[in-house]
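Here the structure comes first, spelled out in structure tokens, and everything after it is commentary.
Heavy atoms only: backbone and side chains are in, while hydrogens, waters and symmetry mates are out. So that the names make sense, note that chain A is the first sequence line, chain B the second, and so on, each numbered from 1. This structure is a prediction, so every number in the text was calculated from the model and none was measured.
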Amino acid sequence: MAALQAQLQQKLAQAPGFFHQAPVVINVENAKYAPDFHAIKQLFTELQLVLVGVCGANSDLKKAAQQAGLAALQLSKNNGKTVDAPAKAVAAPAPVAPPPPAPVVQAAVENKFIEQNIRSGQQIYVKGADLIIKGTVGAGAEVIADGNIHIYGSLRGKAIAGAGGDSSKKIYCYNMQAELISIAGNYWLSESLQGEFWGKSACISLQDGQLVLAELF
Amino acid sequence: MAKIIVVTSGKGGVGKTTSSAAIGTGLALKGHKTVIVDFDIGLRNLDLIMGCERRVVYDFVNVINNEANLKQALIRDKRLDNLYILPASQTRDKDALYKEGVERVLNELSDEFDFIICDSPAGIESGAMMALYFADEAIVVTNPEVSSVRDSDRILGMLSSKSRRAEQGLPGIKEHLLLTRYNPERVIKGEMLSVEDVNDILAIKLLGVIPESQAVLNASNSGQPVILDTESDAGQAYLDTVARLIGEDVPFRFLNVEKKGLFKRIFGG
């Protein structure tokens with residue numbers, strides 16, 4: 001149990017806040033015996049995760065899990081796509097069990113498409129996906145996404161892409177007059193953005209820890 | 001069923017009450033039975049602009065609290081018999097309004113009138129929210145300067161997210177831009193934003209442009225809505241605005257610097 005806790009904490013430390021109250025399903029396919037589901041549930045609650053259920057359980061494990069108030073789910077066929085990241089760590093209670101081989105893939109989340117102007121004071125956040133806006137982002141508005149941000153209009157407010165820490169994400173906009181742009185925590189304020197691309201279309205990316213502005217067309 | 005139109009801005013002092021009075025009066029002039037409701041509880045001004053301050057007995061808050069009925073509180077305009085105003089309370093504050101009460105009063109008014117003009121207080125707090133919550137259309141009053149434009153942008157965000165139409169998933173509030181205190185000379189000098197600049201930022205339909213005019217202050221001081229001063233440029237601009245509001249196609253005037261003729265140059269314009 002201590003090993004599980006350490007492993008989970010390590011995982012959570014990589015992206016603080018990202019998994020806050022995230023629903024989690026644990027994969028017990030490789031577990032040799034029924035772990036103490038009550039204790040695991042308690043641990044997840046302490047780490048501010050929401051344990052929803054188990055998957056890959058045999059009938060004994062299923063029963064144990066259901067007694068602890070957890071749902072027994074079918075193991076996904078598509079190579080573990082619905083399995084959330086912490087599932088890897090949860091193989092630990094079975095001492096000899098190696099982590100499941102399935103690669104951990106973020107649950108597929110729908111991109112958000114907005115077909116109106118984002119006004120001053122409004123805030124849009126898209127978790128784990130891209131944000132596409134057909135309209136203008138006004139001064140004093142904030143658009144935030146864990147994925148890329150596309151703006152088919154003017155960007156006069158703040159745009160924060162890769163909010164989950166992914167430095168490969170980019171910001172695309174039709175007319176760049178931003179107050180602030182940020183990718184994976186690296187940011188520029190509007191005074192550093194004045195120049196060649198001000199008021200023009202631009203693509204902003206992160207290269208070697210440095211924000212780079214480039215032509216869109 | 002009346003059409004409920006909120007006159008709002010976010011920022012104070014841009015001409016909400018002047019515009020509410022002018023537009024309400026203009027709609028009545030066009031033959032529509034109209035009531036102007038003052039939502040600025042505690043800072044009652046509409047009665048002064050309309051020149052009926054001595055006839056206020058009961059007010060909006062009295063009606064909401066069932067201390068008076070609508071007939072007692074409504075003040076009929078002395079110039080136009082299809083124009084009424086519902087004054088705000090001066091002794092209370094914005095918290096005296098609550099959704100259910102406002103809804104009941106608006107429903108009652110809705111049976112009687114063609115248009116209900118809600119004169120919103122400044123700000124984005126409860127008072128302004130009450131004024132815009134039940135609106136079908138919104139007239140966003142903006143001065144051609146950056147802070148007013150930003151505040152208007154903020155209130156447009158509120159209109160599209162905090163109104164009844166937004167909350168109930170109905171078709172959105174129809175938004176109109178009314179640019180007031182416009183001075184083409186200062187626009188040319190670069191001291192003021194142009195109509196195009198404001199339109200580019202706010203991206204809503206332009207309803208009217210009211211030129212900066214001495215007539216507005218004179219009208220306010222004398223308790224005559226400026227639209228009744230048909231000689232003045234501001235009065236004419238408001239007449240155009242009202243015509244556009246009811247769907248007439250009227251070209252925009254007063255956007256460019258007026259060339260002064262010989263007589264005007266000699267005798268002053």
Looking at [X] and [Y], what are the two nearest heavy atoms and their distance?
X: A:A139; Y: B:R150; value: CB-NH2, 3.6 Å
X: A:R156; Y: B:D200; value: NH2-OD2, 3.1 Å
X: B:I204; Y: A:R119; value: CG2-NH2, 3.5 Å
X: A:N117; Y: B:L202; value: ND2-O, 4.3 Å
X: B:S160; Y: A:Q116; value: OG-NE2, 4.3 Å
X: B:G157; Y: A:Q122; value: O-NE2, 3.5 Å

Does [atom1] belonging to [X] count more than 12 external heavy atoms closer than 6.0 Å?
X: B:R92; atom1: CZ; result: no
X: B:E167; atom1: CD; result: yes
X: B:K94; atom1: NZ; result: yes
X: A:K158; atom1: NZ; result: no
X: A:Y187; atom1: OH; result: no

**Message:** Is it the case that the side chain of B:D153 and the backbone of A:G138 share a donor-acceptor pair, with hydrogens and angles ignored and the cut-off at 3.5 Å?
**Reply:** no
